[in-house]
Each structure stands twice: as C-alpha cells, then as structure tokens.
Amino acid sequence: PEVTRFNDGFVNFYLVEGQDARVVVDTGFGFGSVLGKLEDRLKSAQHPTGAILLTHSHPDHAGGARRLSITSGAKVVSSSRKIQSINLGD
C-alpha cells in the first residue's frame with residue numbers, strides 16, 4: 001500500500017491506499033488547508049474511502065473526523081465510545 005502523511009502543524013495523520021481500498025488514519029484538528037488537501041485527494045481517487053480510523057478521541061487526532069466523514073462518505077471507526085457521537089452527528 002501507499003501511505004501519505006499529512007501534518008496540520010500539530011499532529012500527523014495518514015491516508016493508506018491499496019489497490020482496492022483506502023483508509024484514513026486520524027484527521028488532525030480539522031481546520032486549515034491540510035484537511036482540504038486530504039479531501040481533494042479523496043475526491044480524485046478511483047476507490048471509495050473504506051473508513052476513517054481514529055486512534056483515540058483527542059481533538060488533535062479526531063477533530064476533523066465529522067467533516068471528513070460527511071465529505072467522503074466514509075464511516076468513522078474507533079474503539080473509543082466518545083467517537084460514536086461523531087457518527088451520530090452529536
């Protein structure tokens with residue numbers, strides 16, 4: 001797979017692309033142009049984004065998850081109960 005690192009000035013987050021699927025790992029804070037670059041990359045890809053995987057619920061890793069889920073159509077996945085509110089839009 002191909003791994004692309006993004007950095008919003010505070011934290012790294014990643015796009016992992018295989019032949020048939022893509023997964024986003026963390027989303028950063030969710031502000032600034034970096035998340036927009038990731039969104040553009042997702043829109044231009046041949047395969048849909050399978051999931052947005054969040055390593056934990058801190059805002060520096062999960063802050064952009066709801067926005068990215070809405071724009072990409074990907075489901076947010078995490079073991080954290082706090083993340084469930086992102087999927088529900090709360």
Side-chain angles (χ1 to χ4, degrees):
E2 179 182 343
V3 178
T4 304
R5 180 179 65 91
F6 295 84
N7 182 288
D8 63 7
F10 299 97
V11 68
N12 294 317
F13 48 101
Y14 303 89
L15 173 61
V16 182
E17 297 178 277
Q19 286 185 327
D20 299 321
R22 299 175 304 159
V23 174
V24 175
V25 180
D26 289 335
T27 62
F29 276 108
F31 55 78
S33 63
V34 177
L35 191 62
K37 289 179 184 178
L38 175 56
E39 288 175 316
D40 290 344
R41 177 87 175 260
L42 295 177
K43 289 176 189 174
S44 68
Q46 296 176 351
H47 304 291
T49 304
I52 300 166
L53 174 63
L54 300 178
T55 58
H56 59 282
S57 63
H58 293 166
D60 60 331
H61 288 261
R66 183 159 189 237
R67 170 180 157 185
L68 195 59
S69 177
I70 291 168
T71 60
S72 71
K75 183 173 181 165
V76 177
V77 179
S78 177
S79 62
S80 174
R81 293 176 126 196
K82 293 178 182 179
I83 299 304
Q84 293 175 1
S85 66
I86 292 171
N87 285 324
L88 299 174
D90 297 339

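The shortest heavy-atom contact between A65 and L54 is CB-CD1, 3.8 Å. Scanning all heavy atoms of the two residues, the minimum distance from V16 to P1 falls at CG1-CB, 4.0 Å. For S72 against I52, the heavy-atom pair with the smallest separation is OG-CD1, 4.2 Å. Taking each heavy atom of A74 and S69 in turn, the nearest pair found is O-OG, 2.7 Å. Of all heavy-atom pairs spanning R22 and P48, the tightest one is NH2-C, 3.5 Å.
The CG atom of L35 lies 9.0 Å from the CZ atom of F6; values are rounded to the nearest 0.5 Å. To the nearest 0.5 Å, atoms CG (D8) and CG (L38) are separated by 11.0 Å. To the nearest 0.5 angstrom, T4 atom OG1 is 11.5 Å from F13 atom CZ.
Within the structure, every pair that satisfies the salt bridge (charged side-chain N to carboxylate O under 4.0 Å, His left out) test and touches residues 28-44, not counting sequence neighbours, is listed here: E2-R41, E17-R41, E39-R67.
With sequence neighbours excluded, no residue forms a side chain to side chain donor-acceptor pair (under 3.5 Å) with D60. In this structure, the side-chain contact (heavy atoms from CB on, under 4.5 Å) partners of D20, at least two apart in sequence or on a different chain, are H47. Every residue meeting the side chain to side chain donor-acceptor pair (under 3.5 Å) condition with D26, not counting sequence neighbours, appears here in chain and number order: T55, H61. Scored by the ring pair (Phe, Tyr, Trp, His ring centres under 6.0 Å) test, F29 finds F10, F31 as partners (sequence neighbours excluded).
Side-chain contact between L68 and L42 is present, with heavy atoms from C-beta onward closer than 4.5 Å.
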